[in-house]
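Computed over heavy atoms, backbone and side chain alike; hydrogens, waters and symmetry mates excluded. Numbering of residues begins at 1 and proceeds along the displayed sequence.
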Amino acid sequence: FTLIEIAVVVIILATISAISLFAINQAFDRRFVSQADNLLVWFNQLSDQAALEAVPYGVMDNRQEAEEPVRFFKVVAYYRQYWLPVKYPESFTMEEGTRIEWVISAAEKYDEDFEPVNDDEDMPVPVIAMMPDGYMEPRAEMILSFDASSVKFRYYWDDKIGSMAMSRVRQ
């Protein structure tokens, strides 16, 4: 082999490995986008289920402390002034390394007509509730981020379409 042939082979191998690395990075980013899309579909299915059954459905997470990571969202239904766990719709499990931040202003709270009774301190009130009338209580936003990526997603209630919407947060 001549030196030129070896240099050509090295250049070809470097080009192929660079393209492969780029494709692998894109696959990881698609994984995060897919997780975000699945969560949006889950929120909208929950909203649709609330409208179909005329029952408010709440979203609760597994956290006991604010610093804990969210591992899953579970669904509760409002019945006789109590939030009761339900088996359907099923809980949504989060991928490892997912971060959730709820943005709820102090002025926003549950409507006066829908103030949940919480006599039992062990029965927490959900973070948000999907109402049968086609809106969300309280008006909140959620920021979804991942430890392994700089990609962030913002979830919010869109009155124009009457369901949850998602947008990518620019860094």
Side-chain angles (χ1 to χ4, degrees), residues 29-95 97-120 123-171:
D29 287 345
R30 280 193 301 267
R31 180 185 73 185
F32 300 130
V33 171
S34 175
Q35 172 88 8
D37 287 339
N38 289 341
L39 183 57
L40 178 65
V41 168
W42 185 80
F43 276 132
N44 286 327
Q45 285 177 342
L46 189 62
S47 175
D48 292 345
Q49 191 74 22
L52 285 172
E53 293 184 9
V55 172
Y57 278 98
V59 174
M60 299 177 70
D61 57 35
N62 63 299
R63 296 191 282 191
Q64 303 299 326
E65 301 293 328
E67 298 81 31
E68 287 184 51
V70 175
R71 295 285 173 240
F72 60 87
F73 287 129
K74 66 181 178 179
V75 181
V76 291
Y78 192 68
Y79 180 71
R80 295 189 180 185
Q81 296 185 328
Y82 289 99
W83 290 103
L84 304 172
V86 295
K87 292 185 180 185
Y88 183 82
E90 295 179 5
S91 299
F92 186 85
T93 305
M94 305 301 287
E95 188 174 304
T98 303
R99 299 273 178 230
I100 300 291
E101 177 188 345
W102 288 101
V103 181
I104 305 172
S105 68
E108 295 289 339
K109 62 175 193 168
Y110 283 104
D111 190 352
E112 293 144 11
D113 299 334
F114 186 71
E115 187 65 40
V117 175
N118 193 9
D119 298 332
D120 186 2
M123 184 172 288
V125 175
V127 179
I128 59 169
M130 302 297 184
M131 307 306 278
D133 299 341
Y135 66 96
M136 183 176 76
E137 285 275 336
R139 293 296 175 145
E141 291 184 0
M142 187 188 81
I143 306 296
L144 173 70
S145 60
F146 303 94
D147 291 342
S149 175
S150 63
V151 175
K152 289 186 178 185
F153 298 92
R154 176 179 153 255
Y155 295 84
Y156 57 94
W157 186 263
D158 189 347
D159 287 323
K160 293 176 186 171
I161 59 174
S163 65
M164 287 289 274
M166 176 185 70
S167 64
R168 202 170 184 157
V169 177
R170 305 268 184 224
Q171 300 291 358

### Task
Check the pair Leu39 / Met164 against side chain to side chain contact (heavy atoms under 4.5 Å, CB included), numbers first and verdict last.
CA-CA 10 Å; Leu39 183 57; Met164 287 289 274; over 6 Å; no
To the closest 0.5 Å, what do you measure between [atom1] ([X]) and [atom2] ([Y])?
X	Y	atom1	atom2	value
Met166	Asp37	CE	CG	4.0 Å
Gln49	Tyr88	CD	OH	5.0 Å
Ser163	Gln45	OG	CD	12.0 Å
Ile100	Ile143	CD1	CD1	9.5 Å
Arg71	Glu95	CZ	CD	11.0 Å
Tyr155	Ile128	OH	CD1	11.5 Å

Mind listing the closest non-hydrogen atom pair of [X] and [Y] along with its distance?
X	Y	value
Ala148	Phe32	CB-CZ, 3.8 Å
Thr93	Gln35	O-NE2, 3.9 Å
Ala129	Trp83	CB-CH2, 3.8 Å
Pro138	Ile104	CG-CG2, 4.2 Å
Pro69	Arg99	CB-NH1, 3.4 Å

### Message
For the backbone of Glu90 and the side chain of Trp42, can you confirm whether one donor and one acceptor N or O come within less than 3.5 Å of each other?
### Response
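Side chain of Trp42 to backbone of Glu90, a donor-acceptor pair under 3.5 Å: yes, one is there.
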I want to check something: taking the side chain as every heavy atom from C-beta on, are [X] and [Y] in contact at a cut-off of under 4.5 Å?
X	Y	value
Asn38	Phe92	yes
Val55	Tyr79	no
Pro126	Tyr78	no
Met142	Phe43	yes
Glu53	Pro132	no
Trp102	Val70	no

### Query
Yes or no on side chain to side chain contact (heavy atoms under 4.5 Å, CB included) for Phe73 and Val75, after CA distance, side-chain angles and deciding distance?
CA-CA 7 Å; Phe73 287 129; Val75 181; over 6 Å; no
### Candidate pair Phe146 and Met94, rule side chain to side chain contact (heavy atoms under 4.5 Å, CB included), full reasoning
CA-CA 10 Å; Phe146 303 94; Met94 305 301 287; over 6 Å; no
### Query
Is Arg63 paired with Asp61 through a side-chain N to carboxylate O contact shorter than 4.0 Å?
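Salt bridge present between Asp61 and Arg63.
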### Query
Does atom CD of Glu141 have more than 12 heavy-atom neighbours from other groups under 6.0 Å away?
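For Glu141, atom CD is crowded (more than 12 foreign heavy atoms under 6.0 Å).
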#### Entry: Test side chain to side chain contact (heavy atoms under 4.5 Å, CB included) applied to Val86 and Tyr57, step by step
CA-CA 9 Å; Val86 295; Tyr57 278 98; 4.1 Å; yes
